[in-house]
Number of protein chains: 2
Amino acid sequence: MNIGEAARASGVSAKMVRYYESIGLIRPAARTEAGYRVYGPDDVNTLRFVKRARSLGFSMEETAELLNLWRDKTRASADVKAFALKHVTDLERRIAELQGMAATLRHLAQCCAGDQRPDCPILDDLAQANQTPSPSPSSRA
Amino acid sequence: MNIGEAARASGVSAKMVRYYESIGLIRPAARTEAGYRVYGPDDVNTLRFVKRARSLGFSMEETAELLNLWRDKTRASADVKAFALKHVTDLERRIAELQGMAATLRHLAQCCAGDQRPDCPILDDLAQANQTPSPSPSSRA
DNA sequence: TATGGGGCTTCCCATGGTGGGAAGGTCAAG
DNA sequence: CTTGACCTTCCCACCATGGGAAGCCCCATA
């Protein structure tokens, strides 16, 4: 199987397949005499694994760790579970962060008349620190 | 005010202040004869504005847009509000994405015994496609 | 057998933001 | 005048991903 076919079969772009190989995430593919990379069904599976892990928000580094766990047939499922739950915690932190932003913005938007007048509490908040009423054009400096 | 002071006063690193200038997000600072950048209180305000916008998840491009709105004393608050709410929608999309990941992982983790045995539905899911039991070392190819 | 088109190879560049650091000029205090 | 802190520019790195160029390879069809 050529890299293109493997890419189509796995949903990972050929570009990324090469990249994953270059950073050592996946093992170097075998080559034809002409230098073409050759893939087998197991390689495609690995790529799919990577793709799925990425789509669940794992970083490259974490994905590598998951690959190690996957390949280590003697791992304890507890290790995998802990790893997954650590990531969930991570995701929750990021979610909370975004939710904080959204809440703030929603609040500000609610305070904004949203009409033709220029006065806007949203901008006022962004400028928070004593944004002078309209004095000088010195911010043009 | 030197760049270092402006950085401390605004909470934006000197490095980023120069970067913001270089990409045209903020206007080039005045210079001393020796070439040192000079900032005034209004510039610090602008930097704070940028910092706040960034902390609310606006991209550089969006932040530039907000700066334009801010500087345009004739803008309609409706425009600002719409802009903010568009961003909220964006944040909500990202939140939903992360929540989907977290939900999937929580579900998988729940299905995982989490003991000393190697069997793990989490890895099984990542490998989903007929991950062969233990047949060939061909993925080593 | 020649040719064309599509696939492969490597290599470089860009993104978005941020930080690190080197090499050299400047300024203020002692 | 020296020293140390600060400034300047410039390059490099990260994390993933995509774009594209230059050149080689393979296959099918004429």
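The model shown is predicted, which means the values in this text are computed figures rather than measured ones. Letters A, B, ... mirror the listed sequences (proteins, then strands); counts begin at 1.
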Length of the line joining [X]:[atom1] and [N]:[atom2], which is rounded to integer Å:
X     : N      : atom1 : atom2 : result
A/L47 : D/dT17 : CG    : C1'   : 16 Å
B/E21 : D/dC10 : CD    : P     : 12 Å
A/F58 : D/dA16 : CZ    : C1'   : 17 Å
B/N2  : C/dG25 : CG    : C1'   : 14 Å
B/I23 : C/dG16 : CD1   : P     : 8 Å
A/E5  : D/dC27 : CD    : C1'   : 13 Å
B/R94 : C/dG16 : CZ    : P     : 14 Å

**Minimal non-hydrogen separation, A/R71 against A/L25, with atom names** =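 Heavy-atom minimum between the residues: NH2-O, 3.9 Å.
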**Prompt:** What is the minimum heavy-atom distance between B/I122 and B/A109, and which atoms define it?
**Reply:**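 For B/I122 versus B/A109, the nearest heavy atoms are CD1-CA, 3.8 Å.
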Between [options], spot the one nearest the side chain of [X], thanks.
X     : options                : answer
A/K15 : C/dT26, C/dT18, D/dG18 : D/dG18
A/M16 : D/dG18, C/dC8, C/dT18  : D/dG18
A/R31 : C/dT18, C/dT26, C/dT10 : C/dT10
B/R54 : D/dC6, C/dG17, C/dT10  : C/dG17
A/R18 : D/dG18, D/dC7, C/dT9   : C/dT9
B/Y20 : D/dC7, C/dC8, C/dT18   : C/dT18
A/S59 : D/dA16, D/dT8, D/dC25  : D/dA16

Evaluate the side-chain proximity of [Y] to [X]: yes if any heavy-atom separation is below 4.5 Å, no if none is.
X      : Y     : value
B/V12  : B/Y20 : yes
B/R106 : A/L91 : no
B/Q99  : A/Q99 : yes

**Asked** Quick check: does any side chain N or O of B/R37 sit under 3.5 Å from a backbone N or O of B/I3, one acting as donor and the other as acceptor?
**Response**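 Not at all, since once roles are kept as given, no pair shorter than 3.5 Å links the two residues.
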**Request:** With DNA chain D as reference, determine whether A/Y36 or A/Y19 sits nearer its 5' end, using the nearest nucleotide of each.
**Result:**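 In this pair, the answer is A/Y19.
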**Asked** Contact class for A/S13 (heavy atom, under 4.0 Å): base, sugar-phosphate, or nothing?
**Response**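 Contact class for A/S13: sugar-phosphate only.
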**Asked** So what does B/R37 hit on the nucleic acid, given a heavy-atom distance under 4.0 Å: a base, only sugar-phosphate, or nothing?
**Response**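 Contact class for B/R37: sugar-phosphate only.
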**Request:** Take the C1' atoms of the five end pairs on each side of the helix from C/dT1-D/dA30 to C/dG30-D/dC1, get both axes, and report the angle to 10 degrees.
**Result:**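 End axes: 30° apart.
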**Item:** A/E97 and B/R94 ion-paired at < 4.0 Å
**Value:**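 No, this pair does not count.
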